[in-house]
Amino acid sequence: VGFDTRFHSPEAARAAAEVLSGSGLRVYLSTAPAPTPAVSFAVRHLGAAGAVMVTASHNPPRWNGLKLKARYAGSASPRATAEVERLLAGDATPLLPAQPRLIESVHLKVPYLARLRQLVDLNRIARARFRFVLDPMYGAGAGYLRELFEERGIAHREIHGQRDPLFGGLHPEPIPPHLDELAAVVRDEHYDAGFAQDGDADRAGAVDAEGQFVDPHRIFSLILTHLLERGERGEIARTFSATKMVDRIAERYGLPVHETPIGFKYICDLMLERDLLIGGEESGGIGLRWHLPERDGLLVGLLLAEILATQGKPLAELVAQLHADFGPHHFNRVDLTLSPEQQKRALAYFTQNAPGKIGPWTVVGWEDLDGIKFHLLNAGWVLIRASGTEPILRLYAETPAPELTREVLAAVEQIVRAG
């Protein structure tokens, strides 16, 4: 049982441990806030049957929740989660008294960091002499990368490393505007890059030396090419809202790409069934075959540092090279807070009418794997989808130019609000 830095997360974790012990189960309870990937790794390291993680991840400070991890050290399957929800919705079952003798306090940080040391060439990063800013966003990842960088003499500064259940007034999601302070520190103090993780450190974001946001699509593509260039091979998975650049990269190397509904649980299922090298999603979650069937934002930050050290080039130059090699792909997302009635009307309009045009752009195809995605002539794609975790309607678009992406999103938003 692990927990993040939110209000009452430690108390909720203790309560979960007591309930589990009352059922006669031996429970390992984290001694401190821990990242979700550290909790997942502990399942494997300790030979546990699963895990409960108390966290609301990247969501607003007033939220909290539970993540369930299975024996294979990844997210519990949708079927297993649905069964838990069914039981919770049923008649209350009297709880058995806690058995404190079955609860053991454990330090999850030590074995997890030992694993990260095996996966990334920290000595190469140190020799490259780059300087980094680390932003755990007041979350459970605070101190983890800092400890690794300190022991190897890698120049760095950590910001937002203290516990703040209000997350400094921001959502702990590693995207702008929540990364504005990270961008300013990197730019104004002449660091080479900044790496951020969300509230439970399973998602990642980055900024380059000029403070420009490097979105998860580019991060996914950079890590994928890094793995392929060093000779690794395997199948690739991406969610419905992730960049098509991944498909271009895979095509060059002759590798298959699987597209899944949105949510890393679907990628996890594929990792258990197939020889997946890597899986990633639009929201910044990336998992690797040789680690866990799980997102790990801390490992992603380390891999980005390793890529800079290996290439000896600034992050912005590496991103520019991606576009030169595989074509320009510029993504953006807009989140609309709507009433349930507005959201319902908007989704009905796009799913029932299947417009032939969106703004001035001709629709040349559409898909409905998760939400509805329209492919536009010479203008990429746009996706309309209700969030699975928040009461908002998300609009996603990827086109060949940043201004075109903004125009496509504005056109769709106008249609939504007019409805």
Ionic contact status for Glu83 with Arg86, cut-off 4.0 Å: yes

Stepwise side chain to side chain donor-acceptor pair (under 3.5 Å) check, Asp368 with Thr351: CA-CA 8 Å; Asp368 60 355; Thr351 56; over 6 Å; no

Test: Arg238 and Glu281 ion pair at under 4.0 Å: no

Electrostatic pair Arg248-Glu398, nearest N-O below 4.0 angstrom: no

Pair Arg44 + Glu294, salt bridge at N-O below 4.0 Å: no

Phe350 side chain near Phe374 side chain, heavy-atom distance below 4.5 Å: yes

Residue pair Phe132 / Ala305: nearest heavy atoms and the distance that separates them: CZ-CB, 3.9 Å

Mutual orientation of the aromatic rings belonging to His330 and His323 [parallel < 30°, tilted 30-60°, perpendicular > 60°]: parallel

pair Ser221-Val246: side-chain heavy atoms closer than 4.5 Å: yes

Side chain to side chain contact (heavy atoms under 4.5 Å, CB included) partner of Asp200, chosen from Lys67, Arg6, Arg295: Lys67

Heavy-atom side-chain proximity of Leu228 to Arg233 below 4.5 angstrom: yes

Side-chain H-bond candidate by donor/acceptor type, His329 with Arg218, under 3.5 Å: no

Charged N-O contact under 4.0 Å between Glu282 and Arg385: no

Side chains of Thr399 and Thr405, donor plus acceptor under 3.5 Å: yes

Candidate pair Ser57 and Asp198, rule side chain to side chain donor-acceptor pair (under 3.5 Å), full reasoning: CA-CA 7 Å; Ser57 191; Asp198 72 333; 3.1 Å; yes

